[in-house]
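Each remark here refers to the structure printed beneath this line.
Just so you know, these numbers come straight off a predicted model, no measurement behind them.
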Amino acid sequence: MVREVKKEDLYQILELYLYLHEESIPEQSPCLSEAWKQILEDENHHLIVNESSGKIVSSCVCVIIPNLSRKARPYAFVENVVTHKDFRRRGLASECLAYARQIAERHNCYKMMLLTGSRDQATFDFYKNAGYNNTDKTAFIQWLTG
């Protein structure tokens, strides 16, 4: 079942992110609590989850970004696409991305973007099958320390 995250889902999200790029689940802290509160309260921040037997096994984030170009139409940025290793290749992440697209369309976004750190062709094919392309734009990233 695909849905948006609920307050009580935090620990399951943090567990799932171990399959993304995290090395451990962060300790409970005021910083973590504040970030979670902001995510839950931000009407433009959509943390989408897919459940199997009541367990969150796939997820992505879709952020709607207000914009002054393109007739003031917003755009959507998708991030943190992840599926638990035991549940991959079942279409669960595709369902999350389709849900994100519905959100973007509902907000009249003119485009959706995502970045991946993967160099795996299967990952590229997955995103292409989901309707994304890697030919229209070039991404540049500047990592900040802190």
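Under the side chain to side chain contact (heavy atoms under 4.5 Å, CB included) criterion, Asp42 pairs with Asn44, His45, not counting sequence neighbours. Applying the side-chain hydrogen bond (donor to acceptor under 3.5 Å, both in side chains) criterion to Ser24, with sequence neighbours excluded, gives no partner residue. Under the ring-ring contact (aromatic ring centres under 6.0 Å, His included) criterion, His84 pairs with Tyr19, Phe87, not counting sequence neighbours.
Under a hydrophobic clustering in which Ile, Leu, Val, Met, Phe, Trp and Tyr are joined whenever their side-chain heavy atoms come within less than 4.5 Å, directly or via other members, Ile103 and Phe77 fall into different clusters. Tracing side-chain contacts under 4.5 Å through hydrophobic residues (I, L, V, M, F, W, Y), one reaches Leu20 starting from Ile141; they form part of the same cluster. Hydrophobic clustering (side-chain heavy atoms under 4.5 Å, transitive across Ile, Leu, Val, Met, Phe, Trp, Tyr) keeps Val2 apart from Leu16.
Annotation: side chain of Gln142 is in contact with side chain of Leu144 (closest heavy-atom distance under 4.5 Å). Ser94 is not listed as a side-chain neighbour of Asn129, based on a closest heavy-atom distance of 4.5 Å or more. No side-chain heavy atom of Asn67 sits under 4.5 Å from any side-chain heavy atom of Lys111.
Grouping Ile, Leu, Val, Met, Phe, Trp and Tyr residues whose side-chain heavy atoms lie under 4.5 Å apart, directly or via other members, places Tyr127 in a hydrophobic cluster with Val78, Val81, Leu97, Met112, Leu114, Phe126, Tyr132. Here Met1 sits alone; no ILVMFWY side chain lies under 4.5 Å from its own, so it joins no hydrophobic cluster.
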Can you give the donor-acceptor pairs under 3.5 Å from side chains of residues 54-66 to other protein atoms, not counting sequence neighbours?
unit_1	atom_1	unit_2	atom_2	d
Ser58	OG	Val82	O	3.1
Ser58	OG	Thr83	OG1	2.8
Ser58	OG	Ala93	N	3.4
Ser59	OG	Ile48	O	2.7

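Between the CG atom in Asn80 and the CG atom in Leu115 there is a gap of 11.0 Å [rounded to 0.5 Å]. Taking NZ of Lys6 as the start and CD1 of Ile13 as the end, the distance is 11.5 Å to the nearest 0.5 Å. Remark: Arg3 CZ to Tyr99 OH distance equals 9.5 Å, nearest 0.5 Å. From Glu79, atom CD reaches atom CE of Met113 across 11.0 Å, with rounding to the nearest 0.5 Å.
By the 6.0 Å contact criterion, CD on Glu34 is enclosed, its count of non-hydrogen atoms from other residues, nucleotides or ligands being greater than 12. By the neighbour-count criterion of 12 heavy atoms within 6.0 Å, atom CD of Glu43 is sparsely surrounded, having that number or fewer from other residues, nucleotides or ligands. Annotation: Arg101, atom CZ; neighbour count of heavy atoms from other residues, nucleotides and ligands within 6.0 Å does not exceed 12.
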Subject >> Verdict with supporting geometry, Trp36 and Leu32, side chain to side chain contact (heavy atoms under 4.5 Å, CB included) >> reply: CA-CA 6 Å; Trp36 186 236; Leu32 178 65; 5.6 Å; no
Subject >> Full working for side chain to side chain contact (heavy atoms under 4.5 Å, CB included) between Glu51 and Gln12 >> reply: CA-CA 10 Å; Glu51 292 180 319; Gln12 285 193 68; 5.6 Å; no
**OP:** Tell me, with the steps shown, if Ile25 and Tyr11 meet side chain to side chain contact (heavy atoms under 4.5 Å, CB included).
**Re:** CA-CA 8 Å; Ile25 294 174; Tyr11 187 76; 3.6 Å; yes
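The shortest non-hydrogen separation linking Asp120 to Ser118 is N-OG, 3.0 Å. For the residue pair Tyr110 and Arg70, the shortest heavy atom distance occurs at CZ-CG, 3.3 Å.
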